[in-house]
Amino acid sequence: MLKTHYNHVEVEKGKYETWLKKGYFTAGDNSKMRFSMVIPPPNVTGMLHLGHAWNTTVQDIIARYKRMKGYDVLWVPGMDHAGIATQAKVEAKLREQNISRYDLGREKFLVQAWKWKEEYAKTIHSQWSVMGLSLDYSKERFTLDEGLSKAVKHVFVTLYNKGLIYRGERIINWDPVFKTALSNIEVVHQDDKGYFYYFKYPFVENPNEYLTVATTRPETMFGDVCLVVNPNDPRYSKYIGQKVINPANKEEIEIIGDSYVDIEFGTGVMKCTPAHDPNDFKIGEKYHLKRINIFNDDATMNENCPKEYVNLDRFVCRDKLVATLKEEGYLIKQEEIIHQVGHSERSKTVVEPMVKKQWFVKMGPLAKQALENQASEDKVEFIPERFSKIFENWMNDCEDWCISRQLWWGHRIPAYYSKKDGSILVSETEPENIDDYIQDEDVLDTWFSSALWPFSTLGWPEDTELFKRYYPLDIMVTAYDIIFFWVSRMIFQGLEFTKVAPFKKCLIHGLIRDEQGRKMSKSLGNGIDPFDVINKYGVDALRYFLTTSTSPGLDTRYSEEKVKASESYLNKIWNSARYVLMNIEDEKNLDNIDLSKLSLVDKFILSRLNKTIQNVTFNMEKYDFANASTHLYNFVYDDFTSWYLELSKVKMTSETKKVLLKVLKDIILMIYPYTPFIAEEIYLSLPNHLESICLESYPEFNPSEVFEEEEMKVNSLIKIIKDIRSFKVENNLQPNASIKLYFTAKDCSPEEIVPYLKRFSFASEIVLNKHMLSSKIYELGEIYIEEDIDKQEQIKKIEKELETLEFEISRGEKMLSNENFLLKAKKEKVDLEKEKLAKNLEKKKQYLNKLESLK
RNA sequence: GGAGACUUAGCUCAGCUGGGAGAGCGCCACCCUUACAAGGUGGAUGUCACAGGUUCGAGCCCUGUAGUCUCCACCA
């Protein structure tokens, strides 16, 4: 027997270990249809947060639901080495001991990094188990494990041989803290306060005249190679070909013309720094301009700058240069502005565009393929659909992907440079005469290996059984913030290498915010540790909250109040289970409900149950877990606990007991994917259970158990009871005050109804078939509550009823007298309204008769 | 500069293909009724941002306006 109160600590204890031991989550039953997913691999940088909890719970609901629906479910766990993020953490830890990665050297540093990985993998595993995730650990992978490394090399080499990976000197985003290149999307643009500086560039021929150039980054003037004006700009076109003095270093530079320059913007004269600005770089390419790199790798100034600036930090240099130019009279003015500045996603430092030799993936052909696929029938179905557009927009104008990183923690680029002639060898295996070669020092962007995750985890590029059976995946579940980083890259790599999209559906959810709607972040200190929540309210309550108080694709706010409400709901189910168990204790035969022996209310609840199963299943199939849970919730509260449990107390037949058990069991089965721990606990206390709820099937809709008439009648009974209750409140009577009732049945046998009336109205006496003039009319018949009021009061009451009735009748008549409504509305709607109107008119007639007699 | 989302009860949010406005929490009154006081019963509260349009009928569809937010974009 269950305890009086739901205690999450006791309920959760030991269950997950048992499930794992029994192998319930191990895929491989080939007799069933397959259903496959892989977990978005969390970074091995630290603890899981609420976002992970949300994301994984959604997947767990899917996995458990699909198992119940008879699928062989594979859900692959795994983690991501998270190159730059993890390396930063390991370096920070070493720094505490005053050790830099260079002190250790590559190999020893990697030993430290692997240690870090082992430690955090352990934490993540234990957190997954607390969350109750039904992962198949026998298939677990890590992005740096041997098989995945093999896949990465294979992809790199194949793309290289196809000409889709190239090495080139191009302008890239440089992170001067981590001293590595970044891809475009690892740069986040923020509004920063800065200055627009206006400088004089005097003409060589005529030093009294000058052009004014505005810039936000004066220090890059040391890298200027020319000025650019628009040839169509009447103010300046005449100067094209002339020379001016660069005030920063007093060197002569030419004025060239190019229509790129916006006549309206700034002064209309642009300085050109091909080595440190993406647009200037393009112009530089067009006109074969010099690229003068002025920065060291840590963004201090290098020897291409005047002596007094060398080795100064870029911002110190900026201030010093501005001060000098001001002194020399070159600074015309400076304006404070707010502008977008690129920062490194990881180090937060201001990114410096630099020309560097890096490896790139040529995006054009890959993007084209992805877009074509998305326009075809084999497209990835995004849920909600609008995210497809976001994916396509990005695919449409993405630049080549810089994939080399100047880090140590990651997949080392399989390119080898000959010591003899410097030629490049790109190969999956080391060259035999390795001593004659030097391997490229760089590693690949983390997302390069993540992009292969849906198939590399299944053993690809080997043609494994796992890959053959489970690929492509049925669904990928992720938040919208990594559509560009991850989803899009999985799609184009999947298409390129496996010829199909890596997953059929992509379920996108939002981000979780704090109670005020702000992002959770370390600097704000507003992060919520999911495991604190779990300790307090239980993992089921957290899971329920995360997956039900959210809307598809939208952000949600964390709300302790709602977690608490979830726990109350679970307690409600818990206690309803106690009631059922208490009542069926001594009943031996609980199977095979005999429909012919059911009472009115038994049929009512069975009917409601079946409609609920239908609605819940419909929404589960759409992956709309919030909506599915709402249907179940309303059924549990309104139909089951508020009414059926109470009504069942009137006449507890052995058939009723069977119904109680069936309804409870189906509720437990439907809530199970959301809240597996409490569901298992209750399930195991039911008679005739299997070894675990994990082995159960999902409830099926049964049309032969839908009883419209009984539903209608019980609803009418409920209405009567509610009216009696309000009558008592209105008349300041205690809820259990005894009253005298008059009941004249219609379309039902009074014997069936009276016991319920008696119990719920606390009636001391129920008089049957005695027509009372001021009784109220229901589907089940007429009800009159005896009270001490005079004729006038009774008339008033009836007139009030008539008034509301009149309102409804006129609404119906208006509708039905509208020809267009009759012509254009759906037939069912018209019939429904007709029926309603007829009923109301009949009711009105009866009330009028009463009124007549009273008067 | 583009793209998208959001605006519904005091607060947080639901409202499925257009057919009589909902939940949780909070608030008021009453009730320890033998599953549950982490509860029950009854109740109050909404020009569904604004303005047009389509429609027999609009919270829902279309257009515009305002506000909030997010993403993308090289504007020196």
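Numbered from 1 within each chain, the chains take letters A, B, ... in sequence-line order.
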Please tell me which of the listed nucleotides, [options], lies nearest to the side chain of [X]?
{"X": "A:Lys722", "options": "B:A35, B:G42, B:C75", "value": "B:G42"}
{"X": "A:Ala825", "options": "B:A76, B:G19, B:G40", "value": "B:G19"}
{"X": "A:Met582", "options": "B:G42, B:C74, B:A35", "value": "B:A35"}
{"X": "A:Phe196", "options": "B:C31, B:A76, B:A38", "value": "B:A76"}
{"X": "A:Tyr480", "options": "B:C30, B:C36, B:U70", "value": "B:U70"}
{"X": "A:Asp262", "options": "B:A38, B:A76, B:C30", "value": "B:A76"}
{"X": "A:Ser568", "options": "B:A35, B:G39, B:C75", "value": "B:G39"}
{"X": "A:Arg557", "options": "B:A35, B:U12, B:C31", "value": "B:U12"}
{"X": "A:Phe807", "options": "B:A38, B:A35, B:G20", "value": "B:G20"}
{"X": "A:Lys271", "options": "B:G19, B:A38, B:A76", "value": "B:A76"}

With rounding to whole Å, what would you report as the distance between [N] and [M] at their [atom1] atoms?
{"N": "B:U54", "M": "B:G18", "atom1": "C1'", "answer": "12 Å"}
{"N": "B:C30", "M": "B:A37", "atom1": "C1'", "answer": "14 Å"}
{"N": "B:A73", "M": "B:C13", "atom1": "P", "answer": "28 Å"}
{"N": "B:G59", "M": "B:G19", "atom1": "P", "answer": "10 Å"}
{"N": "B:G22", "M": "B:A9", "atom1": "C1'", "answer": "10 Å"}

| A:Thr641 or A:His631: which one's nearest nucleotide on RNA chain B is closer to the 5' end? |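 Looking at the nearest nucleotide for each, A:His631 comes out on the 5' side.
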Could you tell me whether the phosphate oxygens of [N], OP1 or OP2, come under 4.0 Å of any side-chain nitrogen or oxygen in [X]?
{"X": "A:Lys814", "N": "B:G57", "result": "no"}
{"X": "A:Ser642", "N": "B:U41", "result": "yes"}
{"X": "A:Lys572", "N": "B:G40", "result": "yes"}
{"X": "A:Ser551", "N": "B:A14", "result": "yes"}

| message | Does any part of the side chain of A:Glu399, heavy atoms only, come nearer than 4.5 Å to the side chain of A:Asn184, both counted from C-beta? | response |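 SC-SC contact between A:Asn184 and A:Glu399 confirmed.
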| Complementary nucleotide for B:C71 - Watson-Crick or wobble, under 3.5 Å |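 B:G2 is the nucleotide pairing with B:C71.
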| said: Under 3.5 Å for both donor-acceptor distances, Watson-Crick or wobble: does B:G20 have a partner, and if so which one? | reply: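 The answer is none; no pair meets the criterion.
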| task | Could you check whether the rings of A:Tyr236 and A:Tyr239 sit parallel, tilted or perpendicular, using 30° and 60° as the cut-offs? | result | tilted
Using a cut-off of 4.0 Å on non-hydrogen atoms, how would the nucleic acid contact of [X] be classed: base, sugar-phosphate, or nothing?
{"X": "A:Gln340", "answer": "base"}
{"X": "A:Val261", "answer": "base"}
{"X": "A:Arg217", "answer": "nothing"}
{"X": "A:Gln734", "answer": "sugar-phosphate"}
{"X": "A:Lys622", "answer": "sugar-phosphate"}
{"X": "A:Lys836", "answer": "base"}
{"X": "A:Leu554", "answer": "sugar-phosphate"}
{"X": "A:Tyr633", "answer": "sugar-phosphate"}
{"X": "A:Phe484", "answer": "sugar-phosphate"}

| said: Under 4.0 Å between a side-chain nitrogen and a carboxylate oxygen: does that hold for A:Glu515 and A:Arg557? | reply: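 No salt bridge links A:Glu515 with A:Arg557.
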| request: Decide salt bridge (charged side-chain N to carboxylate O under 4.0 Å, His left out) for A:Asp258 and A:Lys286; before the verdict, give the C-alpha distance in whole Å, the side-chain angles of both, and the deciding distance to 0.1 Å. | output: CA-CA 10 Å; A:Asp258 191 274; A:Lys286 193 166 164 188; 2.8 Å; yes
| query | Do A:Glu808 and A:Lys836 pass the salt bridge (charged side-chain N to carboxylate O under 4.0 Å, His left out) test, and can you show the C-alpha distance, the side-chain angles, and the key distance before you say yes or no? | reply | CA-CA 9 Å; A:Glu808 302 216 353; A:Lys836 240 196 267 179; over 6 Å; no
| said: Which residue in the set A:Lys282, A:Arg217, A:Arg291 passes salt bridge (charged side-chain N to carboxylate O under 4.0 Å, His left out) when paired with A:Asp277? | reply: A:Arg217
| Does A:Pro735 offer a backbone N or O that forms a donor-acceptor pair with the side chain of A:Lys728 under 3.5 Å? | yes
